[in-house]
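Whatever order the structure lists them in is the order used to number ligands and atoms, beginning at 1.
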Amino acid sequence: MSLAVIPQAAPGLRFARYRTEIDEAIARVIAGGHYILGPAVETFETAFSAWLGIEHCIGVSSGTDALSLALRALGVGPGDEVITTSLTAAGTGLAILHCGAEPVFVDVHPTTRCIDPLAVEAAIGPRTAAILPVHLFGQAANMPALMEIAARHGLAVVEDCAQAHGTTIDGRKVGTFGNAAAFSFYPTKNLGAIGDGGAIVTNDPALAAKVRALRCYGWQDAERISASAGFNARLDELQAAVLLVLLPHVEEGNRERRTLAAEYRRNLDSCGAGLPDDDAGAVYHQFAVACEQREALARYLLTQESIHTTVHFFPALHEQPVFLRAGQARLPVTEKLSRQLLSLPIQPEVAAPCISRLTDAVKRGMDRCRKS
Ligand SMILES: *Cc1c(COP(=O)(O)O)cnc(C)c1O
């Protein structure tokens, strides 16, 4: 069924698609009597790590907390710098601040829109402790190059996979390259809960044990004795039960997203907008087009075509008050993209029933922009 007004995303439509299974899973949690770190969290952690092809998964409260606990467990703290991208969600940069370290923002590559390895290498200094690449919009950052740089300089790497559930590089899933990776299960992500959630994954058993302690009061073992100033940052049992229902459908959803992206690409090829890289491993968390007259395009789509779009991300982090710092270099590619990118609807439940209406509308909108 096509919608009169097309939202940019509508996670409720995905929950409706799997409603019966979700209702049963929630009922089982309620009846099971175990509400914190119970069987659903444990089962989800095993299933998610098996799906990724990694040893350890620790369910936590959000993607932001996943990033900050991973950094903390790697020993990143006050006095340290973490090199990252500015074209990302606030949580990426905030996680660095939360563990007392300082984000150093470098520019992105113009076609992948992910952190540029050359810019990373140029920013490494005596205080650099880690590199934090983001696989933006479901497109992989250049992990082989970044891991080579990290190895040469003795730096840790934490991947931000909040938008990249299932993204691959030569068949290998992102999240398995760095020392650790962070996922978010915010409702609109490719794997999303009915609320907040996140996970840290790693092949390092000692790191996994540290993160497990940090997410739950610093408890080291079953003794329930706090050995460190841990947090309450656990994945909720109810959310884990929902995620267990949705995990087997992620690959199918990603395939649908790729099909929709191909349809956008085929129709928008010559419309004048900048399109995402055509990368077979991408999972299209967003399909963001670059348009010099972004505001005009968004306004046209909303008022004339009843299509909602979203801006990801403006201003870029290095231009936001909490991240302002002396000596921050200008980031020309980031600043340009953050003023041009417009995310079109691509969630399968929203866009699949009306993809030709969407592509026709964007083409008309781009035509108007060119003529004005
Ligand atoms: C969503 C997101 C986060 C933050 O995740 P939360 O679960 O909302 O804390 C971090 N980084 C990126 C790239 C994201 O898209």
Side-chain angles (χ1 to χ4, degrees), residues 8-9 11 44 48 57-72 82-99 103 105-106 108 112-115 130-141 143 146 157-167 174-175 178 180-201 211 214-215 231-236 239-240 242-243 246 250 257 276 282-288 310-318 320 322-323 334 337-338 341 343 346-347:
Q8 202 275 331
F44 174 72
F48 193 67
C57 169
I58 304 98
V60 294
S61 41
S62 70
T64 305
D65 285 343
L67 285 166
S68 81
L69 295 196
L71 290 169
R72 256 174 211 274
V82 177
I83 299 175
T84 192
T85 163
S86 177
L87 191 62
T88 183
T92 309
L94 292 174
I96 297 167
L97 295 181
H98 289 166
C99 54
F105 297 108
V106 301
V108 293
T112 66
R113 301 156 174 180
C114 294
I115 199 164
I131 306 171
L132 204 175
V134 177
H135 305 297
L136 193 72
F137 302 150
Q139 155 81 47
M143 290 313 297
L146 292 168
V157 176
V158 176
E159 295 174 72
D160 182 338
C161 300
Q163 305 194 354
H165 312 73
T167 298
V174 300
F183 285 84
S184 165
F185 305 122
Y186 183 86
T188 56
K189 311 288 187 185
N190 289 29
L191 176 58
I194 307 181
D196 280 309
I200 293 137
V201 299
V211 171
L214 281 173
R215 81 165 165 186
F231 301 84
N232 177 349
R234 302 174 293 238
L235 176 63
D236 198 87
Q239 299 304 346
V242 172
L243 292 168
L246 296 176
V250 172
R257 285 172 187 266
V283 298
Y284 296 97
H285 172 62
Q286 300 294 350
F287 191 92
T310 309
V311 167
H312 301 107
F313 293 92
F314 181 81
L317 298 195
H318 71 289
Q320 298 188 22
V322 71
F323 298 113
T334 299
L337 285 173
S338 76
L341 290 174
S343 299
I346 192 157
Q347 185 194 323

Test side chain to side chain contact (heavy atoms under 4.5 Å, CB included) applied to Val283 and Arg257, step by step: CA-CA 7 Å; Val283 298; Arg257 285 172 187 266; 5.5 Å; no
pair Val134-Ile115: side-chain heavy atoms closer than 4.5 Å: no
Any Pro276 side-chain heavy atom under 4.5 Å of Phe137 side chain: no
Side-chain H-bond candidate by donor/acceptor type, Thr167 with His135, under 3.5 Å: no
Whether Phe183 and Phe48 hold their rings parallel, tilted or perpendicular, with breakpoints at 30° and 60°: perpendicular
Subset of ligand 1 atoms that lie under 4.0 Å from at least one heavy atom of Val134: 13 (C)
Closest candidate by heavy atom, reference atom 7 (O) of ligand 1, pool Gly93, Ser184, Ser68: Ser184
Heavy atom of the protein closest to atom 3 (C) of ligand 1 (residue, atom name, distance): Ala162 CB, 3.9 Å
Protein heavy atom at shortest distance from atom 4 (C) of ligand 1: Thr64 OG1, 3.6 Å
Note, His98 side chain near Thr64 side chain (heavy atom, < 4.5 Å): yes
Any His318 side-chain heavy atom under 4.5 Å of Thr334 side chain: yes
Any N or O of Tyr186 closer than 3.5 Å to N or O of ligand 1: no
N or O contact, Asp65 vs ligand 1, cut-off under 3.5 Å: no
Ligand-side contact atoms (ligand 1) for residue partner Thr88, heavy atom cut-off under 4.0 Å: 13 (C)
Close side-chain approach of Leu243 to Leu235, heavy-atom, < 4.5 Å: yes
Heteroatom proximity flag, Asp160 to ligand 1, N/O under 3.5 Å: yes
N or O pair under 3.5 Å between Gly63 and ligand 1: yes
Heteroatom proximity flag, Asp196 to ligand 1, N/O under 3.5 Å: no
For atom 2 (C) of ligand 1, the option (of His135, His285, Lys189, Gln286) bearing the nearest heavy atom: Lys189
Close-contact set for ligand 1 against Ser62 heavy atoms, below 4.0 Å: 7 (O), 9 (O)
